[in-house]
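Structure first, then comments.
Order of the sequence lines sets the chain letters (A, B, ...), proteins ahead of strands, with each chain counted from 1.
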Protein chains: 2
Amino acid sequence: MGMNRKRPVTRADIAKAAAVSETIVSYVINGNRYVNSAKRQRVLDAIETMKYKPNHFARALKGKKSNHILFIADDIEGDYFGKLIREIDSIAYRSGYFVTLCADHDDDDFVQRIYSHFFDGIIIGSAKFPLQNIQRLVDAGLPLVLLEIRDYSKVNGVYGLINTGLYQGARECVKYLYDHGRKHLLYIDRIDEKGGASAIDDWRLKGFIDQLREFDLTLTDDNIITGCSSEQAIIESVRKIFSQSHFVPDGIVGRNDYSACIAMKAVKTIGLSVPNDVAIVGFDNSRLARFSSPALTSMEIRQKEIGTIIMNMLNSLIDERASFTGRIEQYLETKLVVREST
Amino acid sequence: MGMNRKRPVTRADIAKAAAVSETIVSYVINGNRYVNSAKRQRVLDAIETMKYKPNHFARALKGKKSNHILFIADDIEGDYFGKLIREIDSIAYRSGYFVTLCADHDDDDFVQRIYSHFFDGIIIGSAKFPLQNIQRLVDAGLPLVLLEIRDYSKVNGVYGLINTGLYQGARECVKYLYDHGRKHLLYIDRIDEKGGASAIDDWRLKGFIDQLREFDLTLTDDNIITGCSSEQAIIESVRKIFSQSHFVPDGIVGRNDYSACIAMKAVKTIGLSVPNDVAIVGFDNSRLARFSSPALTSMEIRQKEIGTIIMNMLNSLIDERASFTGRIEQYLETKLVVREST
DNA sequence: CTGAAAGCGCTTACAG
DNA sequence: CTGAAAGCGCTTACAG
C-alpha cells in the first residue's frame with residue numbers, strides 16, 4: 001500500500017540534480033561504462049546528499065539481483081540454527097543481502113512462491129524438504145547451498161553441499177560410549193510436533209545405526225525413540241524402555257542437546273544415576289549442555305564456521321555460477337566436548 | 001543473474017493460453033473488476049495448469065505489496081526470539097508473507113536499505129535501534145510494530161506497540177525476592193559482545209531499579225552488572241561483587257535465563273548454595289531454566305501470543321492504515337514460574 | 001463488459 | 001564518449 005508514504009528519491013531525481021541523463025546515473029551506479037569524471041562526481045554527490053538508494057524491485061525486474069537470499073530451516077527455535085542464522089545474517093549484511101527466514105512447508109505452492117520472489121540464492125537446512133523440490137530448484141538454475149542434514153547424493157546439478165560432519169559425529173558418539181563400556185545404546189530423536197519420525201537418511205540417525213552394526217551390537221526398534229511430539233512423550237518412552245527387562249540401556253545419544261536433556265531428566269526420575277548407570281551424549285554443544293546437571297557431554301558443530309562457508313559458497317554460486325559444472329562440497333569436522341554426563 | 005534459469009511463466013503466457021487479453025488476467029488475479037465467467041474460468045485453469053505465480057517485483061513496482069516483512073532483532077540467537085520468530089513465520093506464511101530477519105546495524109545506510117527494499121511492514125524487537133530511525137520509518141508511513149523492550153513513548157505517529165510486560169515483570173521479580181526475605185539484590189545484564197551497557201530505558205533494568213527504590217533498598221553501581229562481553233566477564237564480575245564486604249547479595253535477577261544461569265554458576269564456584277545463600281530469578285522461562293540445576297525460577301514471556309498479536313497488528317496496519325490515527329497498544333502479562341532456585 | 005496503452009524505476013543494446 | 005529508447009512484468013485509468 002503506502003499511499004501516504006513519502007515518494008522515494010528515484011534515478012530521475014538524481015539525473016536532474018546532477019544535470020546528466022538518466023543513463024549516466026545508471027552507469028555510474030553499476031560501474032559498467034566509462035563516464036566523464038566531472039559528471040560522475042556530480043552524480044555521486046547527488047546520490048550522497050539526496051540519500052538515494054536504487055529501487056531493488058526495478059533492478060530485479062531487469063534481471064539484476066534482488067539482494068534477498070532465502071534460508072529454509074526446520075528448527076528455527078533451536079540453538080543450532082540460532083547461531084547459524086546470526087553468522088549468516090552478519091556476513092549477508094556486509095555483502096548487501098537481506099536474509100529471509102522460512103520454515104519449510106508441505107504445500108505445493110511453496111516452491112512456486114520461492115520462484116516468484118526471485119531470491120538470489122537459497123540455503124536449505126531442513127531434513128524434511130522434499131528431494132524433488134530441491135531438484136526443481138537446482139534445475140531452475142537457482143544458486144543453492146544444502147546443509148547435509150540428510151543424504152543428498154541423489155540431487156544432480158550445480159549446487160553447494162556442506163557436510164557438517166553429523167554422520168561421523170554420530171558414529172563417534174557411539175564409539176565413545178562403547179569405548180567406555182556402554183553396549184546398550186538408546187537414540188533419542190528430536191521432538192516433532194506432528195509426531196513424525198526422522199527419515200532413515202537423517203545422517204545422525206544413520207551414523208548411530210551404522211556404528212551399532214559395526215560393533216555387532218543388537219539393534220531393534222527398542223534402540224531408537226522417535227516420533228515423539230512433546231517432552232512428555234519422550235519421557236514416557238524412555239521410562240517404558242527402562243521398565244522392560246530384556247533391554248536396559250546404559251548409554252544414550254540425543255539427536256540434539258535438548259533431546260539428551262529430556263532423556264536425562266527421565267532417567268533421573270527413574271532413580272538412576274548419570275553417568276554411573278547411564279551415560280548421555282548430546283549434539284550441538286549448546287548452552288543447555290553447559291548448564292544442565294550433570295553437564296552434558298556433547299558433539300560440537302561449528303556453526304560459526306558453517307555460516308561463513310555457506311555464505312562464501314553461495315556468493316560464488318551467485319556471482320560465478322558459469323564456472324561450476326557440478327556440485328561443490330565442503331567437509332567440516334565435529335568435536336566431542338566431554339563433560340560430566342559420560 | 002540467472003542467465004540459465006528457466007524463463008518463468010508470465011501473465012502474457014496465461015493470456016495466450018486462456019485466449020484473453022492480458023488485462024483480463026490481471027483483473028482475475030486481483031479480483032477488482034467484473035470478468036466474464038467463462039473467461040475467468042479459462043484464466044484460472046491456465047494459472048492452475050501452468051503453475052503461474054505473479055512476479056512480486058513487478059507488482060511491487062506498481063505500488064502493490066511486496067509480500068515481504070522485516071523483523072529487526074538484536075538477539076537472534078536467544079530463546080526469546082527463537083520462539084517468536086517461529087510463531088511469526090508460521091502466521092506470516094499463511095498470510096502470504098515472507099519474513100526477512102535482520103540484526104540491527106549501526107551504519108547510516110541501514111534505514112535507506114530498508115526503504116529501498118520496500119517491505120510491507122516492519123517489526124522491531126531491538127533495544128538498540130535508534131529512536132530517530134524509528135521515527136523516520138513511522139514518518140515515511142511504513143507499517144511498524146514495536147516490541148516494547150524499552151521506552152518508546154517519544155515516538156509519535158501511527159504504529160503498533162506491544163508491551164510485553166517486561167517492566168512489571170522485572171518489578172515482580174524484585175517483589176518476589178523481597179517477600180522471601182532477600183534485600184540485597186543484584187541485576188545481571190545480558191552479554192553484549194561490544195561490551196555495551198543496556199540503556200537506562202531498557203524496561204527490565206528500569207523495573208528492577210524502580211522496585212528497589214520503592215522498597216527503599218540501597219541502590220549503587222554494585223547492584224547492577226552490565227557491559228560484559230563474555231560469560232567469563234560476568235562470572236568475574238559476580239565473584240568480585242561477592243568478595244566485597246559492604247554488599248553481599250542474597251538475591252539475583254538475570255535479564256534473561258542465560259545471564260541468570262551464568263550467575264548461578266559463578267555463585268556455585270564461590271561455594272555458596274542456591275537458593276539458600278542466594279536466590280536467583282531469570283527471564284524468558286526457556287529450556288535453560290527447566291534443565292539447569294537447581295532449576296531456575298523464571299519470568300515467563302508468552303512468545304507465542306506475542307507472535308500472534310504482532311502479526312494481527314501488522315496486518316491491520318498494512319491493510320487498513322487509513323483507519324488509524326495514533327498508536328495502537330496492547331499489553332501482555334508475564335507470569336513467574338517458580339522452580340528450585342528461589 | 002473489455003482492451004490498448006501508459007507507466008512503475010530501472011538496465012543496456014543500439015545508434016550516434 | 002553519451003543519450004534516446006525499448007523493455008522487464010505487472011496495474012489500472014482511460015476510452016470505448
Can you tell me the distance, in whole Å, between the NZ atom of Lys39(B) and the P atom of dC1(C)? 11 Å
Report the distance from atom CG of Asn55(A) to atom P of dG7(C), rounded to the nearest whole Å. 18 Å
How close or far is atom C1' of dA6(C) from atom CG of Leu61(B), stated in whole angstroms? 14 Å
side-chain contact (heavy atoms from CB on, under 4.5 Å) with Ile88(A): of Leu101(A), Thr308(A), Leu314(A), Ile310(A), only one passes, and it is Ile310(A)
For atom CG of Asn67(B) and atom C1' of dC10(D), their distance in whole Å: 14 Å
Rounding to an integer number of Å, can you tell me how far His117(A) NE2 sits from dG9(D) C1'? 15 Å
Restricting to salt bridge (Lys or Arg N to Asp or Glu O under 4.0 Å), what partner residues turn up for Glu193(A), sequence neighbours left out? Arg86(B)
Provide the full list of side chain to side chain donor-acceptor pair (under 3.5 Å) pairs with a residue in residues 124-134 of chain A, sequence neighbours left out, each pair given once. Asp104(A)-Ser126(A)
Ser66(A): which residues meet the side-chain hydrogen bond (donor to acceptor under 3.5 Å, both in side chains) condition with it, sequence neighbours left out? Asp120(A)
Rounded to whole Å, NZ of Lys64(B) lies from C1' of dT12(D) at a distance of 9 Å
Donor-acceptor list for residues 20-29 of chain A side chains, cut-off 3.5 Å, not counting sequence neighbours:
from, atom 1, to, atom 2, distance (Å)
Ser21(A), OG, Thr23(A), N, 3.4
Ser21(A), OG, Ile24(A), N, 3.3
Glu22(A), OE1, Arg11(A), NH2, 2.4

What residues form a side-chain hydrogen bond (donor to acceptor under 3.5 Å, both in side chains) with Asp192(B), not counting sequence neighbours? none
Does anything in residues 28-57 of chain B pair up under salt bridge (Lys or Arg N to Asp or Glu O under 4.0 Å), and if so which pairs, sequence neighbours excluded? Asp109(A)-Lys53(B)
Distance between C1' atoms of dT12(D) and dG16(D) (Å, rounded): 15 Å
So, using side chain to side chain contact (heavy atoms under 4.5 Å, CB included) as the criterion, who are the partners of Glu329(B) when residues are at least two apart? Leu161(B), Arg327(B)
Distance in angstrom units between Asp13(A) CG and dC8(C) P, rounded: 12 Å
Contact check, residues 29-38 of chain B vs DNA chain D, heavy-atom distance under 4.0 Å, returns Asn30(B), Asn32(B), Arg33(B)
Using whole Å, what does the distance between atom C1' of nucleotide dC10(D) and atom CZ of Phe118(A) come to? 11 Å
Mind checking what makes side chain to side chain contact (heavy atoms under 4.5 Å, CB included) contact with His56(A), not counting sequence neighbours? Asn67(A), Ser116(B), His117(B)
Counting only distance, no hydrogens or angles, is the base of dG7(C) paired donor-acceptor with the side chain of Lys62(B) under 3.5 Å? yes
Kindly state which residues belonging to residues 20-27 of chain B come within less than 4.0 angstrom of DNA chain C, counting heavy atoms of the residue only, listed by number. Ser21(B), Thr23(B), Ile24(B)
Taken in chain and number order and not counting sequence neighbours, the residues that satisfy side chain to side chain contact (heavy atoms under 4.5 Å, CB included) with Asp151(A) are Ser153(A), Asp201(A), Trp203(A)
Note, DNA chain C 5' to 3' with Watson-Crick or G-U pairs under 3.5 Å encoded as ( ), [ ], | and . gives |||.||||||||.|||
Aromatic plane relationship, His105(A) with Phe110(A) - under 30° parallel, 30 to 60° tilted, over 60° perpendicular: perpendicular
